[in-house]
Engineer: 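After the structure tokens below, expect a handful of questions from me.
Throughout, a chain's letter reflects where its sequence line sits, starting with A, and its residues are numbered from 1.
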Amino acid sequence: MLDLRFVRENGEKVKESLRKRGTKLDIDHLLELDSKHRQLLQEVEKLRYERNRASNEIGKLKQKGEDAGKLLEQMKAVSQEIHVLDSEVKEVSANIVSLSLLVPNIVDESAPKGKGPQDNIEVRRWGETPAFSFKPLGHIEIGKILGIIDFKVSAKLAGSGFAFYRGYGARLVRALINFMLDLHTEKHGYQEVFPPFLVNRDCMVGTGQLPKLEEDMYRIEKEDFFLVPTAEVPVTNIHRGEIIEGESLPIYYASYTACFRREAGSYGKETKGLVRVHQFDKVELVKFVRPETSNDEIEKLLQDAEEVLKSLGLHYRVVNLCAVDISFAASKCYDIEVWAPGEGEYLEVSSCSNFTDFQARRAGIRYRPKPDAKPEYVHTLNGSGVALPRVIVALLETYQQKDGSVVIPEALRPYMGGMERISP
RNA sequence: GGAGAGGUGGCCGAGCGGUUGAAGGCAGCUGCCUGCUAAGCAGUUGUGGGGGCAACUCCACCCCGGGUUCGAAUCCCGGCCUCUCCGCCA
């Protein structure tokens with residue numbers, strides 16, 4: 001959510017940002033509602049003032065045992081008026097809120113302009129695309145040969161778009177989660193948290209998934225709960241409605257959760273295998289920081305995520321997303337894309353975003369710059385550190401051997417009971 | 001799931017339908033004072049919003065949402081959460 005006052009005073013800037021994003025929204029209408037709202041407020045508040053004073057007067061008269069009938073009658077009418085105006089105010093402000101919730105964050109100036117993914121700018125590459133003396137297989141085949149991923153079973157259990165891991169495959173999932181959590185907590189200074197996988201509506205609005213993306217979310221109708229699409233949602237909401245003491249910033253959290261996404265509208269090749277599934281595992285990094293530091297913090301966050309891939313020896317590239325590609329709540333975003341030799345393409349395994357004060361304002365997350373200063377909104381950031389299925393794709397495809405086995409990168413071996421390779 | 005209790009300011013805790021933004025205590029801050037570990041005295045300390053260049057001023061907020069009333073922290077209804085007992089259960 002943007003600061004309404006900011007929108008009021010920087011209408012052009014807001015519209016410019018919307019143009020860059022390719023989003024059409026009637027900002028002028030929002031501003032009209034805003035001024036109507038303020039005008040109504042003035043009217044009601046004046047009446048309230050009048051009524052407060054009169055009610056006081058009535059109280060005094062009654063205490064003295066005097067008659068207050070006349071005043072009482074007058075105030076009855078005033079109360080009626082207030083009631084009518086109140087419902088108008090309520091309606092207008094409800095409209096303002098619902099419109100405001102649909103306005104995306106202002107795009108950072110360093111984000112490239114562009115019309116689509118082709119305009120994202122590659123920031124750097126790490127490692128090289130591995131060479132093979134044979135034609136590398138895709139992960140689906142490898143998983144089948146090794147008996148570690150079974151899409152027949154997952155389809156039987158839940159339909160298409162799910163994964164079923166078995167044996168060393170299941171072990172690999174567990175190993176990766178532990179490896180990543182250890183890396184971030186022991187080396188990068190994050191505190192590990194383990195939240196519920198179901199959250200209420202307020203959380204989803206707080207981080208910006210709702211109201212816009214409700215169709216993409218799994219919802220438990222009876223309780224109005226949502227399955228978390230990412231740990232970002234529960235973890236960012238840890239501090240919803242709080243005022244954090246300045247000295248405790250920055251706060252870094254690392255969290256494993258399963259992630260649930262309906263992925264409505266996906267089709268074709270994308271929906272095969274592990275590349276796009278309804279449920280996947282992810283270790284997420286979330287930061288709460290002072291506003292003036294968020295530009296540096298996103299770079300550090302990105303590096304923390306990159307280190308996962310470096311440790312695993314997987315070739316990747318980092319891209320700076322162009323305005324059109326940046327998600328609703330973010331102001332700036334880097335994607336990390338890992339190379340999958342079997343697929344022959346780069347796969348997004350991490351998005352590292354700066355949400356500036358956008359989520360903080362929605363979720364009411366503030367801090368005190370100094371012990372007695374007025375509270376201000378924090379900046380929130382998060383990044384995958386990283387998402388598992390596509391890393392598994394890259395891992396299997398990168399480390400596959402001619403004999404059908406897959407070598408386990410050294411960093412992961414302690415988590416695999418010292419195993420060096422998975423053989424058919 | 002059944003029965004009961006309760007949700008008040010940073011914390012503890014009072015509150016009859018009428019100067020209660022809210023007693024009292026603790027904590028914090030600011031003065032004054034006292035030579036001793038730190039006590040005493042006085043003052044002060046919430047959030048959001050509107051109006052004004054400003055001093056300032058007004059409105060709202062005692063879990064949330066409705067209602068009754070001239071007036072609600074106080075009464076009524078609905079919801080959420082916490083605690084205790086019982087039941088069920090990994």
Engineer: Between B:rG25 and B:rA42, how far apart are the P atoms? Round to whole Å, please.
Structural biologist: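 It comes out at 10 Å once rounded to the nearest Å.
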Engineer: Can you measure A:K374 atom NZ to B:rC29 atom P for me and round it to whole angstrom units?
Structural biologist: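 Computing the A:K374:NZ to B:rC29:P distance gives 20 Å.
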Engineer: Atom CD1 of A:I82 and atom C1' of B:rG71: how far apart are they, to the nearest Å?
Structural biologist: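 That distance rounds to 11 Å.
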Engineer: Choosing from B:rC70, B:rG51, B:rU47, which nucleotide comes nearest the side chain of A:P375?
Structural biologist: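 Output: B:rU47.
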Engineer: Pick base, sugar-phosphate or nothing for A:H83, based on heavy-atom distances below 4.0 Å to the nucleic acid.
Structural biologist: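 The residue A:H83 makes sugar-phosphate contact but no base contact.
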Engineer: Work out how far the C1' atom of B:rA14 is from that of B:rU69, and round it to whole angstrom.
Structural biologist: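 Result for the C1' pair: 25 Å, nearest Å.
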Engineer: Return the value, rounded to whole Å, for the distance between atom CD1 of A:I244 and atom C1' of B:rG10.
Structural biologist: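 Result: 15 Å.
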Engineer: Determine the interatomic distance between C1' on B:rG10 and the same-named atom on B:rG28; round to the nearest Å.
Structural biologist: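 Their C1' atoms lie roughly 9 Å apart.
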Engineer: Heavy atoms only, 4.0 Å cut-off, all strands: where does A:R5 land among base, sugar-phosphate and nothing?
Structural biologist: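 It contacts sugar-phosphate atoms only.
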Engineer: Hey, is CD on A:E292 packed in by over 12 heavy atoms from elsewhere, all under 6.0 Å?
Structural biologist: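 Atom CD in A:E292 is packed in, count exceeds 12.
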Engineer: Tell me whether A:R390 contacts the main-chain N or O of A:L347 through its side chain, where contact means a donor paired with an acceptor under 3.5 Å.
Structural biologist: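 Side chain of A:R390 to backbone of A:L347, a donor-acceptor pair under 3.5 Å: no, none is there.
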Engineer: Take atom CD of A:Q74 and atom P of B:rC70, then tell me their distance rounded to the nearest Å.
Structural biologist: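 Checked: the CD to P distance equals 13 Å.
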Engineer: Carefully, step by step, assess A:R262 and A:D216 under the rule salt bridge (Lys or Arg N to Asp or Glu O under 4.0 Å).
Structural biologist: CA-CA 5 Å; A:R262 292 188 61 223; A:D216 294 325; over 6 Å; no
Engineer: If I take atom CD1 in residue A:I243 and atom P in nucleotide B:rG9, what distance separates them, rounded to the nearest angstrom?
Structural biologist: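 My rounded result for the distance is 13 Å.
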Engineer: CD1 of A:I58 versus C1' of B:rU69: gap in Å, rounded?
Structural biologist: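 My rounded result for the distance is 10 Å.
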Engineer: For A:K90, answer base if it contacts any base atom (sugar-phosphate contacts may also be present), sugar-phosphate if it contacts only those atoms, and nothing otherwise; contact means non-hydrogen atoms under 4.0 Å.
Structural biologist: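 Since only primed, P, OP1 and OP2 atoms lie under 4.0 Å of A:K90, the category is sugar-phosphate.
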Engineer: Side chains of residues 166-179 of chain A: which donor-acceptor pairs under 3.5 Å do they make with residues two or more places apart or in other chains?
Structural biologist:
residue, atom, partner, partner atom, Å
A:R171, NE, A:Y415, O, 3.4
A:N178, ND2, A:R174, O, 3.4

Engineer: Could you measure between the two P atoms, the one in B:rG4 and the one in B:rU57, and give it in whole Å?
Structural biologist: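 My reading of the P atoms in B:rG4 and B:rU57 gives 50 Å.
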Engineer: Are the charged groups of A:D34 and A:R8 less than 4.0 angstrom apart, N to O?
Structural biologist: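 Between A:R8 and A:D34 there is a salt bridge, with a charged N closer than 4.0 Å to a carboxylate O.
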Engineer: Less than 6.0 angstrom separating the ring centers of A:F288 and A:H239, yes or no?
Structural biologist: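 Yes, the ring centres sit under 6.0 Å apart.
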Engineer: If you look at every strand shown and take non-hydrogen atoms under 4.0 Å, does A:L72 touch a base, only sugar-phosphate, or nothing?
Structural biologist: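 The answer is base, as A:L72 lies within the cut-off (heavy atoms under 4.0 Å) of a base atom.
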Engineer: Which nucleotide sits closest to the side chain of A:S79: B:rG71, B:rU47, B:rG18?
Structural biologist: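 Nearest to the side-chain atoms of A:S79, counting from C-beta on, is B:rG71.
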Engineer: Ignoring the backbone of A:R38, work out which of B:rG18, B:rG51, B:rG67 is nearest its side chain.
Structural biologist: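 The nucleotide sitting nearest to the side chain is B:rG51.
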Engineer: Find every protein N or O atom lying less than 3.5 Å from an N or O atom of nucleotides 52-58 of chain B, and list the pairs.
Structural biologist:
none

